[in-house]
Each structure stands twice: as structure tokens, then as C-alpha cells.
Amino acid sequence: MSNFSHSLSKDDIERFSRQLILKGIGTTGQEKIRDSAVLIVGAGGLGCPVVMYLAASGVGRLGIIDHDVVALNNLHRQIMHDENRIGLLKTESLKESINRINSAVVVEIYSFLLSEANALEIFPNYDIIVDCSDNVATRYLINDASILTNKPLVSGSALGWEGQLTVYHCGEKCPCYRCIFPIPPKPEFVTNCSDNGVLGPIVGVVGSLQALEILKLIVQGTSSFAGKLWLFDGYAGETRTISLRPRRSDCPVCGQSPTIKNLENYARFCGSGPTDKPLNL
Amino acid sequence: MSNFSHSLSKDDIERFSRQLILKGIGTTGQEKIRDSAVLIVGAGGLGCPVVMYLAASGVGRLGIIDHDVVALNNLHRQIMHDENRIGLLKTESLKESINRINSAVVVEIYSFLLSEANALEIFPNYDIIVDCSDNVATRYLINDASILTNKPLVSGSALGWEGQLTVYHCGEKCPCYRCIFPIPPKPEFVTNCSDNGVLGPIVGVVGSLQALEILKLIVQGTSSFAGKLWLFDGYAGETRTISLRPRRSDCPVCGQSPTIKNLENYARFCGSGPTDKPLNL
Amino acid sequence: MKVKLYFSGGSEILFGNIKEHKVILENSSTQWTIKDLLSWISNNLLKDSDRSELLIVNENVRPGILVLVNDVDWEILGGLDAEINDGDVVSFISTLHGG
Amino acid sequence: MKVKLYFSGGSEILFGNIKEHKVILENSSTQWTIKDLLSWISNNLLKDSDRSELLIVNENVRPGILVLVNDVDWEILGGLDAEINDGDVVSFISTLHGG
Ligand SMILES: [Zn+2]
Ligand SMILES: [Zn+2]
């Protein structure tokens, strides 16, 4: 197939013209973007920019999982929801925002809690998994489900003035979440955005960077942050990238002889479930 | 005044509760945010996240300058516009998006080109100036007008897979754009987003970081990027911060004996104006 | 020898919210390791803290904290046996879970 | 001596879009400076280019390009007279104007 042969519509060529011409994209890259399907877990602070930049760039199908409804105290950071949608499901709200900017995107919403009972039915339908969740149990669940279904996992997190980003299970040597953190922290040591707050621009930076790595995974098949952790301290204005250990051959889920072959009870494993009220320190 | 005395409404306390509790903000910081006014030049790729994160975080008054209308080929990166607003002024479009998420923000729109004829009437009405523009002449104009009106300037830029961010004219030793680039580049060496493209998540990262530094300027009076340039190579996944020269005592606009005491003709100075079609390399 | 300690992601609250600490470790005839450093932190920086288990549990870092020596994951460098030398930066990063 | 050159913001198109170049500069009895390096780049890396003025004009970098030695603005280090030593990284950053 020649470079000039492609299946993009005239409208798509016009709409994506400023993105098509970039190094490493082209019409072939734009076709890959159009033909890809990305699953985002969490429609909050990180989910908003991730979903919008993916929809805007032309990702063909987006799945969004969230059980929660929009609240007034979300609006300082969750910029794709709005005052009129308070009380509406976040999934429905994001779907509406996506449709506005790119009506060609197929949006599949899952307006319930991701759990060990449903994850393995949903994950196989997508190419890339994105962790925009807000609690430890869900992060272990997403990790294990990504590995059991063999999908790369683009993980972002934020708290206060800080953010972190990495890509798990992406290439032979790339570790997973359990390779780095085999044992969950005790619930009393975990703080979350509801208790400790987070600033909107922090999730904006991290979520935008997640969207970027997702696009690179789609068009190039690789990410700059596989096996690397990007640390962002917004208060100090410092960014740094650190090298993570390679995949552990004895990892219980991604190692050579995995002991985890089905999803577990993550609330029990972590001592706290996704909807539990965090304990105070 | 005690720490517990403040002028925030009950609604504001609820809305901003996850931001109020952060180190360095508190009710005093939130009052400063509410009482501040920020001027954004450019309602495009950078302007979208800057404006939304500022509005969401409660900045009381936002000014937006842009003469352009929304086009289909903006939508891959300008996430606060949408398909139904194609042909609408970008200023009007952003105002609508701001009103949706925070109806308390006073939005002042200037739907014309920023020029040497109008800048000094507009700039004095704001505390902080934000450069989200897309051409060299406008960048020199914004720089000079910021200095003549003595406002800190939060400058972002992007092209292709790359982004840059710095804060000019912010403290005794902080340089301005002219301290770094006293002579404009020849028009034939300048590339822009229309010709060379830019990726949505790149402006997402840079614009979000601009919003963060603006909030730090508001609550702390300082920015981590005064006199520092943040370089972002999204293709390589590399970020670095470099130290810029201090303010030049012989700078024609911010030096000890400035020769520029009024705005110039920037199209002539740069050999190309804000609406000129760029020359091909 | 001089070593810089860096705490982030929440573990800095044990140290008055100060993230960077320059410390001087006495030169010893044996090689300093992370294990030695944890014991030194317990005895010097955390001795009056009733929340030291936010960082150290059973002479190891608590689950959820990643240790870096000069921006490299300590696991690559030997975990508790990872060596520390003059001028090194040792970071204790709490993983974040919010979104 | 070995020096790493880094081009970004668009100036890398002069070098086949490759951003990082490891080069070896002959040791000389006099101190290498940025001025010498520009001349070396002209004679070695750009000798067949008809667009060299995208980087170098009148034996200086063209307006709009910022030069860094080890991430420090060359103006602080003496501009054209800034010294270059073994192991240094010299970056040529085109300022971006898009938004
Ligand atoms: Zn693993
Ligand atoms: Zn100046």
C-alpha cells in the first residue's frame, strides 16, 4: 500500500490536518487512531482531560467506567463536567462532552463500579487500558485485569500538588504495578483526593500526558514511560523521570509462573474497598 | 484577622473544599483567587486548558483576547470548542464553556486582534498576563505591554511534539522575552501550528502547567518558572528545566534605561504580522 | 559523608512537610546501605515520632513507598543492601492513588 | 574531547531530524569555545547544507535560537566565548511561537 493510499474521509483529512502532518503520525497513524479502542477507568480529574484529548484526536471508540455522579466539589478540577450536570452520572456527562467535540467517536459507558465480577468481560474489548481511578483496591484490580487480558496500562495518579505517571505491562521487560508494589499499603496510610485535595492543573498535566502516551502507544506501539516513572511536584515546579526495576520473574501476576490466574477480592486484599470511607491518620 | 475569618460563601467553601485544604492555599488563598483578574491572549490550543482550569479553580475575572473563529481543524486540540460552534468567535465559545462550569466567573471578551493600538488600554485591568498566542509579532507585543504595565507574564508555546513554558518579568532578577531574544527571527525561519501542526496533549500539558503557575502567582506571589525555561519533548518523553540569564540591565524594554517607552509597530519589527501567512521554508 | 534525603507523595509530613533534608552520615569502616540508613533515620530523624510506621515498619520501608538512589529504583541496586555513597540522593516516594 | 550536541524546537531538521549528536572535537592547545564549535559545526555537520542559516548567521547563532551549555543559558557563561569541555552537552533550542 502506498503512502498516499488511505481510508480517511475528506472531512477527517481536514479535521486532523494539523496532527496528520506530525512526525510519526501521517495518514497511517491517523487510521490507527481511528481504529483503536481505549478504556478509561475513572471519569474524574484525570479522566476528563484523558477522554477529551483522545476524542479530539480521533480515537474511534472510548469506554468509560465510573459509578459516581457529578458533585459541586468536583468542579474545581473536573473540567468536562459542569454545574447543570450536578447529580448526573459522570459517564453520561463525559459522553455528552465527547459528542460535542467529535460526534464520530463511539462512546461506551459502564455506569457501575469496576469489580472482579465484571472487569474480565469489559477489558478484552479494548486495546489500551487507562487508570484514572482514585483508590488502591481499584488500582490493583485494574493492574491484574490488564495483565490477564494482556493490555498495556497507562497509569496516572495525583494528590495535592503532586502527580505520577507510568505505563505498566508494555513490553517484555516492563514491570506491572505488583512488580513495584507487591504488598498494598495499610488503609490507614492511604490518603485520597477527597480527604487531602488535589489541584485542577495537576490532574490537567498528568491526564494530558496520559493521553499523549496513549497516542504514542497507538501510532508507535511504544511509550516513553514503559518502565519509567514520571514524578511531578507542582508546588516546587519539579519534574523528574526515574528508572523502575524490570519485570519480576517471580511477580504473582506478570511473572513466569503466575499464581494469580483469576481476579481476587481486592477489597479484602487491600483491607479497604473502592467506596470505603478512608480512615483518618 | 484570624485564620477562620474569611469572606467566602458557604457554596464556595463546598465547591472549593478539595483545593482549599492544600498547603499554601486555605481560605486566604481562595479569597485571593476569587479577587484576581487574569488576561489570556489566545483562545486556541493553550488558551482552552488555561481558561478552564482558572475558571474551575475560582479566578474571579477572566479576560480573553482572540479575533478568530472556531474551525473544524482546531477541534483535534482545542478541547473547549465544539462542532456546533464552528464559525463562532473563539472568545464567545470559551465564554460559554466557562459559564457552564463556573457561572460566577466574570468573563470579559475582546474579539479582535491584540495590537499596539489597544494593548495598553486592556492590560492595566488585569493582574497577570498569559501568552497563549501563536505568532512572533504578538509575542513581542505581549512582552512589551506586560512590562510597560508592570504585570507578570506567564508564557507558553507549542509546536509539533514540543512545548515550552516560562514566566517573564516576575521579580527583580527575572528576564523578559527581549532579554532572551533581543532580535526577532526572520519570518522565513518561523514555523507555526497551522503549517507544522501540533498535538492536542502537548498543548494540554503546557496549558495546564501555565494555569498552575498562574495559581501560584496568585496565592504565593511567585512562580517556580520565573527565570527558568521548561522544555518538553513529548515525542521523546523528556522534560527539563534550564536556567535563563538574569534580567539584562541594557534590555531596551525592562532594563535600567529603557528605550522602548511606548508600543512599537510589531509587524514591522518582526517582518511579519499576526495574520500574515507564514512563508514556506 | 553527605547524603541528601528526599521525601514526597505524603511521607514528608513526618518531617514537618519539608521534602529535602541534607544529612551527614558518619564515615564507617563498613559500606553504608539503605538498611543502615533506615536505622539511622529511625534513631535520628524519627526518634520522637509516634507515626514513624508511616515510613518504616519492621526495619524496612512500609508497603507503598518506593525508594530511589539517585533516581534509580532501589530494587535494581539490591533493595535493603543497596549501597549509599557520599553525594548520593536517596528518595522515599509514596505512591499516589488519587485521580 | 567528547561533546554531545542537542538540537530541538525545529533546528534538528538540519540534521536529518536527529536531535542528539555525539561528536568528538580534537583537543587543541587553546580552550574550545562556542564560537569554535559553531565554526566546527559549519565545516563538518553543515558543509553541504544550503539551509545552514537556519542555525548559523554571521558566525553566530541566528536570532530565535537559545544556546545552552549543560542546561545553562550561554549568556550567563559568556556567549560566544563560553567554554566547552569534555563531556559537556551543548543544546540549540529554537524558541516556539505556536499556541
Ligand atoms: Zn508484575
Ligand atoms: Zn528585558
Side-chain angles (χ1 to χ4, degrees), chain A residues 11 14-25 49 52-53 56-58 72-73 75-84 100-103 160-161 193-194 196-205 207-209 211-213 215-216 223-225 228 230 234-241, chain B residues 11 14-25 49 52-53 56-58 72-73 75-84 100-103 160-161 193-194 196-205 207-209 211-213 215-216 223-225 228 230 234-241:
Chain A
D11 244 37
E14 168 64 12
R15 179 191 277 257
F16 301 114
S17 54
R18 271 62 171 157
Q19 166 176 310
L20 275 172
I21 51 178
L22 292 187
K23 173 174 70 169
I25 299 187
M52 285 306 282
Y53 279 113
S57 71
L72 178 62
N73 65 24
L75 296 184
H76 78 99
R77 70 185 189 279
Q78 302 186 11
I79 61 170
M80 302 317 304
H81 304 310
D82 66 40
E83 291 176 357
N84 285 320
R100 280 184 185 153
I101 198 166
N102 188 349
S103 53
W161 293 84
C193 298
S194 302
N196 283 65
V198 64
L199 208 59
I202 300 289
V203 289
V205 168
S208 300
L209 196 50
L212 180 65
E213 294 309 307
L215 291 176
K216 283 156 71 179
S223 162
S224 309
F225 294 99
K228 305 213 173 207
W230 189 72
Y235 194 84
E238 286 171 4
T239 54
R240 57 187 180 137
T241 302
Chain B
D11 245 35
E14 169 63 13
R15 178 190 278 257
F16 300 113
S17 53
R18 270 65 172 155
Q19 163 176 313
L20 275 172
I21 49 176
L22 293 186
K23 172 175 71 170
I25 299 188
M52 284 306 283
Y53 279 113
S57 71
L72 179 61
N73 63 25
L75 296 186
H76 78 99
R77 68 184 189 279
Q78 302 185 13
I79 60 170
M80 302 318 304
H81 304 310
D82 66 41
E83 291 176 356
N84 285 321
R100 279 185 185 152
I101 198 165
N102 189 348
S103 54
W161 293 85
C193 296
S194 303
N196 284 64
V198 66
L199 207 59
I202 300 288
V203 289
V205 169
S208 300
L209 196 51
L212 180 65
E213 293 311 306
L215 291 177
K216 281 154 72 178
S223 162
S224 308
F225 296 98
K228 307 219 170 200
W230 189 73
Y235 194 84
E238 287 171 3
T239 53
R240 55 188 183 139
T241 302

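Chain A is the first sequence line, chain B the second, and so forth, proteins listed ahead of strands; every chain is numbered from 1.
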Please answer whether the main-chain N or O of A/His76 pairs with a side-chain N or O of B/Ser57 as donor and acceptor at a distance below 3.5 Å.
no
Are B/Glu83 and A/Asn102 side-chain neighbours, meaning at least one heavy-atom pair lies under 4.5 Å?
yes
Relative to chain B, which of A/Ala236, A/Gly200, A/Ala56, A/Gly234 shows the most heavy atom pairs under 4.5 Å?
A/Ala56
Interface check, chain B: of A/Met80, A/Met52, A/Glu238, A/Lys216, most non-hydrogen pairs under 4.5 Å belong to A/Lys216
Side-chain (B/Trp161) to main-chain (A/Leu22) donor-acceptor, under 3.5 angstrom:
no
Between B/Ser224, B/Gly237, B/Ser208, which has the largest tally of heavy atom pairs under 4.5 Å with chain A?
B/Ser208
Portion of B/Lys228 that has a non-hydrogen atom of chain A nearer than 4.5 angstrom
neither
Is there a side-chain contact between B/Leu215 and A/Pro201 in this structure, where contact means two heavy atoms from C-beta onward sitting under 4.5 Å apart?
yes
Per-residue contact mode, B/Ser103 against chain A (heavy atom under 4.5 angstrom)
both
Distance col, row B/Gln19:CD vs A/Arg77:CZ, nearest 0.5 angstrom, shows 10.0 Å
Just verifying a value: how many Å separate A/Gln78 CD and B/Ile101 CD1, rounded to the nearest 0.5 Å?
8.5 Å
Report which part of B/Leu20 has an atom under 4.5 Å of a heavy atom belonging to chain A: side chain, backbone, both, or neither.
neither
Heavy atoms, side chains only, cut-off 4.5 Å: are B/Arg15 and A/Leu75 in contact?
yes
How long is the straight-line distance from CZ of B/Arg18 back to CG of A/Asn73, given to the nearest 0.5 Å?
4.0 Å
Option that, when pairs with chain A are counted at under 4.5 Å, heavy atom only, ranks first among B/Phe16, B/Tyr235, B/Trp230:
B/Tyr235
Looking only at B/Leu209, B/Val205, B/Thr241, most heavy-atom pairs under 4.5 Å shared with chain A are made by B/Val205
Run the numbers on B/Leu212 and A/Leu199 for side chain to side chain contact (heavy atoms under 4.5 Å, CB included), then give the verdict.
CA-CA 8 Å; B/Leu212 180 65; A/Leu199 208 59; 3.6 Å; yes
What option among B/Asp11, B/Asp82, B/Ile202 has the most heavy-atom pairs under 4.5 Å with chain A?
B/Asp82
